[in-house]
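Atom set for the values below is all heavy atoms of this structure, side chains included, hydrogens, waters and symmetry mates excluded.
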Amino acid sequence: MAKIDYQIVRPDKLMHEGEATSVVLITKSGELGVLPGHAREICALGDGIVRIMHEPDDTGATQSRVVVSGGYAEITGDMVIVLANHARDVDDIDPKVVTATRAEAEGELAKLPAGDSRRAYFDSKIVWCDLLLAEEERWGGR
């Protein structure tokens, strides 16, 4: 079966790389399925799940799921590179930690006056935490 190479990259590290049978991206306009030989394309990522279908791994899983928020993907026909602003494996989401992080961000946000440019950072952090919690609830344990 034909394969396509992929990389999932976030600002601080290369998260994943390998071979896949297909990759489903979450873009600003919806899902985009990518198979080997896909036309060259660059697309803006949305908020949600990138699904990577691959041969069975050590656990027998044939699909990996990564929550992403923003960024871009480049498709070259034989390679998909996901450059995400934020990314986390669904299996690595701890709802207790995310809930605590969200509460901390809300507390810091409440301390800042309206119009303070630092509010955008905490707003973004809260939105990211909400996305992680929603996707963990949707996909966790699958």
Side-chain angles (χ1 to χ4, degrees), residues 1-36 38 40-142:
M1 175 176 260
K3 303 264 185 349
I4 189 164
D5 292 323
Y6 72 91
Q7 291 181 338
I8 309 288
V9 183
R10 65 184 198 198
D12 62 334
K13 71 178 183 178
L14 170 65
M15 285 185 62
H16 295 285
E17 65 181 331
E19 287 185 332
T21 54
S22 66
V23 177
V24 178
L25 302 170
I26 185 70
T27 71
K28 293 283 187 183
S29 59
E31 290 187 337
L32 173 65
V34 181
L35 296 169
H38 192 286
R40 291 181 161 280
E41 184 172 349
I42 295 177
C43 56
L45 296 172
D47 297 339
I49 297 288
V50 170
R51 298 187 318 269
I52 303 144
M53 279 54 79
H54 49 75
E55 296 295 325
D57 62 17
D58 297 341
T59 66
T62 58
Q63 187 176 145
S64 299
R65 295 179 194 91
V66 178
V67 183
V68 299
S69 179
Y72 295 89
E74 179 182 8
I75 305 162
T76 64
D78 60 352
M79 179 82 167
V80 177
I81 302 172
V82 173
L83 302 168
N85 294 342
H86 300 281
R88 165 121 5 123
D89 289 316
V90 170
D91 298 336
D92 290 343
I93 300 170
D94 182 341
K96 291 179 184 175
V97 171
V98 176
T99 300
T101 300
R102 187 186 193 290
E104 182 180 310
E106 284 179 324
E108 292 298 319
L109 183 63
K111 295 177 190 175
L112 297 173
D116 190 315
S117 62
R118 293 174 292 174
R119 293 181 65 85
Y121 170 80
F122 293 108
D123 283 334
S124 175
K125 195 168 196 171
I126 291 166
V127 169
W128 173 239
C129 288
D130 289 344
L131 178 62
L132 288 175
L133 291 170
E135 295 299 351
E136 194 282 332
E137 183 176 313
R138 179 178 175 201
W139 296 100
R142 286 193 203 173

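Ser22 places no side-chain N or O within donor-acceptor distance of the main-chain N or O of Met53, the cut-off being under 3.5 Å. Between the side chain of Arg10 and the main chain of Ala87, a donor-acceptor pair closer than 3.5 Å is present. With Ser124 contributing its side chain and Ala120 its backbone, the two residues share no donor-acceptor pair below 3.5 Å.
In this structure, CG in Asp89 is found 4.0 Å from CE in Met15, a value given to the nearest 0.5 Å. To the nearest 0.5 Å, atoms CG (Asp94) and CG (Leu133) are separated by 10.0 Å. Residue Leu112 holds its CG atom at 9.5 Å from CG of Asp123, rounded to the nearest 0.5 Å. The structure places OG1 of Thr101 at 14.0 Å from NZ of Lys96, a figure rounded to the nearest 0.5 Å. Taken from CD in Glu135 to CZ in Arg65, the straight-line distance is 10.5 Å, to the nearest 0.5 Å. If you take CD1 on Ile93 and CG on Leu131, they are separated by 8.0 Å, rounding to the nearest 0.5 Å.
Of all heavy-atom pairs spanning Arg119 and Pro113, the tightest one is CD-O, 3.3 Å. Considering all non-hydrogen atoms of both residues, Met79 and Tyr6 come closest at SD-N, 4.1 Å. Residues Gly71 and Asn85 share a closest heavy-atom pair of N-ND2, 3.5 Å. In terms of heavy atoms, Ala20 sits closest to Ile52 at CB-CG2, 3.7 Å. Across all non-hydrogen atoms, the minimal contact from Tyr72 to Ala44 is CD2-CA, 3.8 Å. Across all non-hydrogen atoms, the minimal contact from Ile75 to Val34 is CD1-CG2, 3.6 Å.
Between Arg118 and Glu108, none of the side-chain N atoms (NZ, or NE/NH1/NH2) sits under 4.0 Å from a carboxylate O, so this pair counts as no salt bridge. The pair Glu104-Lys125 does not meet the salt-bridge criterion, since no charged nitrogen lies less than 4.0 angstrom from a carboxylate oxygen.
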Using the rule given for side chain to side chain contact (heavy atoms under 4.5 Å, CB included), can you reason through Leu14 versus Gln7, listing the C-alpha separation, both sets of side-chain angles and the distance that settles it, and then say yes or no? CA-CA 7 Å; Leu14 170 65; Gln7 291 181 338; 4.0 Å; yes

Apply side chain to side chain contact (heavy atoms under 4.5 Å, CB included) to the pair Glu19 and Glu55, showing each step before the final yes or no. CA-CA 8 Å; Glu19 287 185 332; Glu55 296 295 325; over 6 Å; no

Before you tell me yes or no, could you show the steps for Val98 and Trp128 under side chain to side chain contact (heavy atoms under 4.5 Å, CB included), namely the whole-Å CA-CA distance, both residues' side-chain angles and the distance that decides it to 0.1 Å? CA-CA 9 Å; Val98 176; Trp128 173 239; over 6 Å; no

Quick one: do Val90 and Val67 satisfy side chain to side chain contact (heavy atoms under 4.5 Å, CB included)? Show the steps, please. CA-CA 6 Å; Val90 170; Val67 183; 3.7 Å; yes

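Between Leu32 and His38, some side-chain heavy-atom pair lies under the 4.5 Å cut-off. Annotation: side chain of Asp5 is not in contact with side chain of Glu17 (no heavy-atom distance under 4.5 Å). No side-chain heavy atom of Ile4 sits less than 4.5 Å from a side-chain heavy atom of Leu35.
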